Amino acid sequence: MKFMKLGSRPDTFYTAESVRTVSSEVSSDLIIEVKGCKYLLHKFPLLSKCLRLQRICCESPETSQHQIIQLPDFPGGIEAFELCAKFCYGITITLSAYNIVAAQCAAEYLQMTEDVEKGNLIYKLEVFFNSCILQGWRDSIVTLQSTKAFPLWSEDLGITSRCIESIASKVLTHPSKVSLSHSHSRRVRDDISCNGAESQRHKSTTKGWWAEDMAELGIDLYWRAMIAIKSGGKIPSNLIGQALQIYASRWLPNISRQVKANQGATWDSDSESTGEISSKHRLLLESIVSLLPSDKGDVSCSFLLKLLKAANILNASSSSKMELARRVALQLEEARVSDLLIPSLSYSSDTLYDVDIVLTILEEFMLQGQSPPTSPPRSRLGFERRRRSRSAENIDFEFQESRRSSSASHSSKLKVAKIMDGYLQEIARDINLPLSKFIAIAEKIPDFSRLDHDDLYRAIDIYLKAHPDLNKSERKKLCRILDCKKLSVEACMHAAQNEKLPLRVVVQVLFFEQARAAMAGGKVAELPSNIKALLAAHNIDPSRPPGTLSTTTSIRGDDQWSVSGLKSPKSRTSTLRMKLAEDDFDEYDMNPDGLGRSSKFKAFCALPTGPKKMFSKLLSINRSGSEKN
């Protein structure tokens, strides 16, 4: 940090009976009142350097031995005034980045210009500001921070704008060429190898060396400085994103805890101050959103979702929320389920989490990456034939690139499907979650994006447990989104004895499992005609082997599927008997061959030698197949 000393006399100011004065052989003849503090001084040293005091003394006649001057609006307060007064007396004063702004504002107020005396304070301060303060990184940051106490004066004198320009120019320059503070300079030098080249280990840290120091600025000054840096066009967007993340972690900590703690507060002075704090945080958040780089991947999806969570808590503007939702949708495949659990603070909804904003994000994601054509566009091929300047290899290369981008979009949808099924499992525990919202999110995922339905079945099972009051039609509506052909063996075993599922789902699972067990034995056993009819009614082809199903999903301890007792045929038979007593097939289960509800029920009752023996035979086939494998 740079500093400058002016004057050579020792400090002789002292306080006597609440009055500040200076020891001198000459009696004082001037009283100056600044911010409630009274100074007993002398006219000659002050008026010889301060044009404003000269004019005031000329305009007000002397009524006593001491002429009184009041300066109620003096910028910088008593500290800045005393600094200027000591300069007039030739007493040594020390100037640095911490007090130069206050000194400049006070000198300008007193009009200590060159017209009054050569080498006056304004001139000396300006020289020090340009030659030392603006040349140092840390000095510029500290000086810019101190302008917050004198916003109007600093703007009029050009102090704020010059500090911002200095900071931006240094950010755009390599740190080895910038005059930094001692500790920061040593840290940056450690990141540079002996031959002057940056090591790979500290390369990213060296490039973003400025972010932590700038995080000390208030949001208004930080926003202006970042705009100046971005307009330079030399800083990569990902570094801008990292700097914003550092700033947000510095100024937006534990927002959710603060708001929850204040929700029960009464409307008093404390709650009003809390509202002011929330308003400042809201402005800060919206300013950060406006500074976010536009390219995908410049900021992490986790950071965007944390901003969205804070925006929801702080009741930020709808435009800021939608902008964050759109950016999250661009890289939703990188999200974590925990980050998507955004608390709901709406008075119109009793749900724990804001499902609507996640649904909006999912809709935005699905609108992106429309399926590209499987062959080159005709217009492009015709254009290439006319020009004859591009080779067929180039066209083929572009075609392959489009296919590659298609596969990337497909893989991202597979990841998003896995994430959203995990999200459904979390929100399914909310007893206030409407069935319509659960189904809306589940149906937004395309069928091809779910390689298996194990995670979706787990979410449905959790929802049924958390909502035991669902009626028969609601349970049927919920289970329509489930494809039993995409369930793993473990999921099928659990679903076969799940008493909360509709009978139609259990029947689908049982007959599909029988077909799979028969195929696992090496050859497909001939099924009775009535079983074939039921399988056909549910679009199950026992002659076609099912696709590979995933069974590697991690499950919470309290949601582990219990398969104890499944080896006993009585468990499945008892489950079916109970469901036959309370449930019936859906009316919409009508296949083109005219096999309706009553015919299905008759076919089920006509199973050879009763359900118990048939399911025992099914289990014996399953066991023999597993032994062969």
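What you are looking at is a predicted structure, and each value in this text was computed from that prediction instead of being measured.
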**Message:** Out of the candidates I441, L352, V337, only one should pair with I427 under the side chain to side chain contact (heavy atoms under 4.5 Å, CB included) rule; please name it.
**Reply:** I441
**Message:** Whether the side chain of E474 engages the backbone of N471 through a donor-acceptor N/O pair (distance < 3.5 Å, no angle test) should be reported.
**Reply:** yes
**Request:** Using the side-chain contact (heavy atoms from CB on, under 4.5 Å) rule, take L501 and C479 through it: C-alpha gap first, then chi angles, then the decisive distance, then the call.
**Result:** CA-CA 8 Å; L501 293 177; C479 292; 3.8 Å; yes
**Message:** Looking at S302, is its backbone amide N or carbonyl O close enough to the side chain of R336 to form a donor-acceptor pair, meaning the two atoms are under 3.5 Å apart?
**Reply:** no
**Shortest non-hydrogen contact from K309 toward D339** = CE-O, 4.2 Å
**Request:** Would you mind checking if R327 and E323 are paired as a salt bridge, meaning a charged N to carboxylate O distance below 4.0 Å?
**Result:** yes
**Complete:** Rounded to the nearest 0.5 Å, the CD1 atom of I481 sits from the CG atom of L424 at a distance of 7.5 Å
**Prompt:** Can you find a heavy atom in the side chain of L292 that is under 4.5 Å from one in the side chain of L304?
**Reply:** yes
**Request:** State, yes or no, whether a side-chain contact exists between K306 and L252 at a heavy-atom distance under 4.5 Å.
**Result:** no
**Request:** Check for a donor-acceptor pair, side chain of Y457 on one end and backbone N or O of C484 on the other, with a separation under 3.5 Å.
**Result:** no
**Asked** Are any of the side-chain heavy atoms of L340 and M420 separated by less than 4.5 Å?
**Response** yes
**Distance in Å, N498 CG paired with C492 SG, rounded so as to fall on 0.5 Å steps** = 12.5 Å
**Asked** Heavy-atom distance under 4.5 Å between the side chains of K500 and K465, does that happen here?
**Response** yes
**Prompt:** Is it true that D356 and K437 have a side-chain N and a carboxylate O under 4.0 angstrom from each other?
**Reply:** yes
**Request:** Check A335 against I419 and note the closest heavy-atom contact, atom names and distance.
**Result:** O-CD1, 3.4 Å
**Request:** Ignoring hydrogens and angles, state whether a donor on the side chain of D430 or T351 is under 3.5 Å from an acceptor on the partner side chain.
**Result:** no
**Item:** Donor-acceptor pair, side chain of K415 and main chain of E333, under 3.5 angstrom
**Value:** no
**Asked** Is there side-chain contact between D447 and K486, with heavy atoms separated by less than 4.5 Å?
**Response** yes
**Request:** Considering non-hydrogen atoms only, spot the tightest contact between A211 and I246 and give its length.
**Result:** CB-CD1, 3.7 Å
**Request:** Starting from the C-alpha separation in whole Å, work towards a yes-or-no answer on side-chain contact (heavy atoms from CB on, under 4.5 Å) for L345 and D354.
**Result:** CA-CA 8 Å; L345 301 177; D354 192 340; over 6 Å; no
**Request:** Begin with the C-alpha distance, continue with both residues' side-chain angles, and end with the deciding distance and a verdict on side-chain contact (heavy atoms from CB on, under 4.5 Å) for V509 and L487.
**Result:** CA-CA 8 Å; V509 169; L487 292 177; 4.2 Å; yes
**Item:** Residue pair L433 / Y353, side-chain heavy-atom distance below 4.5 Å
**Value:** no
**Exercise: identify the closest heavy-atom pair between L314 and R282** = O-NE, 2.8 Å
**Asked** Do side-chain atoms of Q245 reach the backbone of V299 as a donor and acceptor pair under 3.5 angstrom?
**Response** no
**Distance, nearest 0.5 Å, that separates OG of S287 from OH of Y247** = 8.0 Å
**Request:** State, to 0.1 Å, how close I361 and L332 come at their nearest heavy-atom pair, and which atoms those are.
**Result:** CG2-CD1, 3.9 Å
**Prompt:** If you count the non-hydrogen atoms of other residues, nucleotides and ligands that lie under 6.0 Å from NZ in K444, is the total more than 12?
**Reply:** no
**Prompt:** What distance separates D421 CG from R450 CZ, expressed to the nearest 0.5 Å?
**Reply:** 4.0 Å
**Prompt:** So, does H453 use its side chain to make a donor-acceptor pair with the main chain of D483 at under 3.5 Å?
**Reply:** yes
**Stepwise side-chain contact (heavy atoms from CB on, under 4.5 Å) check, L341 with V358** = CA-CA 9 Å; L341 298 176; V358 176; over 6 Å; no
**Message:** Within this structure, what is the CH2-CG distance for the pair W210 and L239, rounded to the nearest 0.5 Å?
**Reply:** 6.5 Å
**Prompt:** What heavy-atom pair brings M214 and Y222 nearest, and what distance separates the two atoms?
**Reply:** O-CD1, 3.3 Å
**Asked** Is there a side-chain contact between K280 and L283 (heavy atoms, below 4.5 Å)?
**Response** no
**Prompt:** Between R458 and D454, is the closest basic N to carboxylate O distance under 4.0 Å?
**Reply:** no
**Prompt:** Are more than 12 heavy atoms from other residues, nucleotides or ligands located less than 6.0 Å from atom CD1 of I431?
**Reply:** no
**Prompt:** With distance as the sole test, does W223 use its side chain to make a donor-acceptor pair with the main-chain N or O of L291 at under 3.5 Å?
**Reply:** no
**Request:** Mark yes or no for whether E286, through its side chain, and S317, through its backbone, hold a donor-acceptor pair below 3.5 Å.
**Result:** yes
**Message:** Between Q331 and G297 (side chain of the first, backbone of the second, donor and acceptor by atom type, cut-off under 3.5 Å), is there such a pair?
**Reply:** yes
**Message:** Measuring only between side-chain heavy atoms, which start at C-beta, is V355 closer than 4.5 Å to Y423?
**Reply:** yes
**Prompt:** Do the rings of H467 and Y463 sit parallel, tilted or perpendicular, given the 30° and 60° boundaries?
**Reply:** parallel
**Whether D298 side chain and S237 backbone form a donor-acceptor pair below 3.5 Å** = no
**Prompt:** Rounded to the nearest 0.5 Å, how far does CE of M322 lie from CD of E364?
**Reply:** 5.5 Å
